[in-house]
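Accompanying notes for the structure given below.
Since the structure is predicted, the reported quantities are computational estimates derived from the model, not experimental observations.
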Amino acid sequence: MSEQVLTRKKSRLIRELNTVIAVMARELTVFFKTPSTLVLLFVMPIFMMGLIGGNIMGMADGEGLGTFMLVGMLVNMLFMVTAMGMTSLVDDHETDFNQEILVSPVSRYSLVIGKILGATFGAIVSMIGTLIVGLVMGITLSIGQLLLILALSPLMCFAGGAMSMILIGLIKNKKTANYAVMLLIMPQMFLSGAIIPINESNMVLLVLSRVMPMTYCIDLARAITSVDAAMFNPLINFAAIALITLVCLMIGTFFFARSEKNR
């Protein structure tokens, strides 16, 4: 009996993994078939890093701010691009792709995780664009620092993807979903310390920065790359990211599955 149970569990695990891989492969196929998306991922860092960051560096004379901002913007792009990539679930809702997956004997989490992993690829591409803009601005990181951030990128992408899932589960219009995700992400770029330090924040800004997952993602990246003194212990950052990601993933996936079920 125990062998049969073990075999069934193994078979289900393989099925779930196959679902994750299939959904991720589909996202990558769509990504490579839409060159405009690739262009956008390189244009976004020019605006985010070049225009906004460049002006701030100019006002602050740029001293000591370059690498601080580069790490923040790398994490911000990972977070933002993954969150925006999750809006493709709305398109899949309209084409009934989600229905076809959910009626099969697989977990709804496999669909969501596959989507996040697929969006992660685009997010990493955006990192390359950010690094190129940083290079033009005379800001660089060592190979070791870049590898550490790359190692953390799946965690940060999962945080961004899980957070956007709450909106995706409630909104079934692509245009509205895009606006909602941007409204969710853009304030975090300024309040989480991506561009300017938030150590001296107080009152409402302090509370907002502490409930934003991007704050802990950026602080963790700066801590492990030794770019700047972190506000929190890396273990605290990691625990906060994991907790927020898990809660958002559960809530968002619940809303998403319910909306698909009630069609």
Could you check if a side-chain atom of [X] sits within less than 4.5 angstrom of a side-chain atom of [Y], using non-hydrogen atoms only?
X	Y	value
Met165	Met250	no
Met86	Val112	yes
Met24	Phe121	no
Leu249	Ile116	yes

Is [Y] reachable from [X] through a run of I, L, V, M, F, W or Y residues, each pair having side-chain heavy atoms under 4.5 Å apart?
X	Y	result
Ile168	Tyr179	no
Val30	Met84	no
Ile166	Leu243	yes
Met212	Val207	no
Ile128	Met69	yes

Residue pair [X] / [Y]: nearest heavy atoms and the distance that separates them:
X	Y	answer
Ser126	Leu78	OG-N, 4.4 Å
Gly118	Glu27	CA-CB, 3.8 Å
Leu220	Pro234	CD1-O, 3.7 Å
Ala159	Ile241	CB-CG2, 4.1 Å
Met156	Ala221	CE-CB, 3.8 Å
Ala123	Met77	CB-O, 4.4 Å

Mind checking the [atom1]-[atom2] spacing from [X] to [Y]? Nearest 0.5 Å is all I need.
X	Y	atom1	atom2	answer
Leu191	Leu208	CG	CG	6.0 Å
Ser164	Lys115	OG	NZ	11.5 Å
Ile132	Met127	CD1	CE	12.0 Å
Arg222	Cys217	CZ	SG	12.0 Å
Thr253	Leu111	OG1	CG	8.5 Å
Ile149	Ile224	CD1	CD1	7.0 Å

Under the rule for ring-ring contact (aromatic ring centres under 6.0 Å, His included), what residues qualify as partners of Phe232, not counting sequence neighbours? Tyr216
Applying ring-ring contact (aromatic ring centres under 6.0 Å, His included), can you list everything that pairs with Phe238, at least two apart in sequence or on another chain? none
If you apply the rule side chain to side chain contact (heavy atoms under 4.5 Å, CB included), what do you find for Ile185 with Met214, and how did you get there? CA-CA 9 Å; Ile185 301 301; Met214 195 188 296; 4.1 Å; yes
If the condition is side chain to side chain donor-acceptor pair (under 3.5 Å), which residues does Thr176 pass it with, not counting sequence neighbours? Asn173
Identified side-chain contact (heavy atoms from CB on, under 4.5 Å) counterpart of Phe158 within the set Thr82, Leu246, Ile113: Ile113
side-chain contact (heavy atoms from CB on, under 4.5 Å) partner of Thr130, chosen from Leu70, Asn76, Leu135: Leu70
Look at the side chain of Arg108 and the backbone N and O of Phe254, then say whether any donor-acceptor pair between them is shorter than 3.5 Å. no
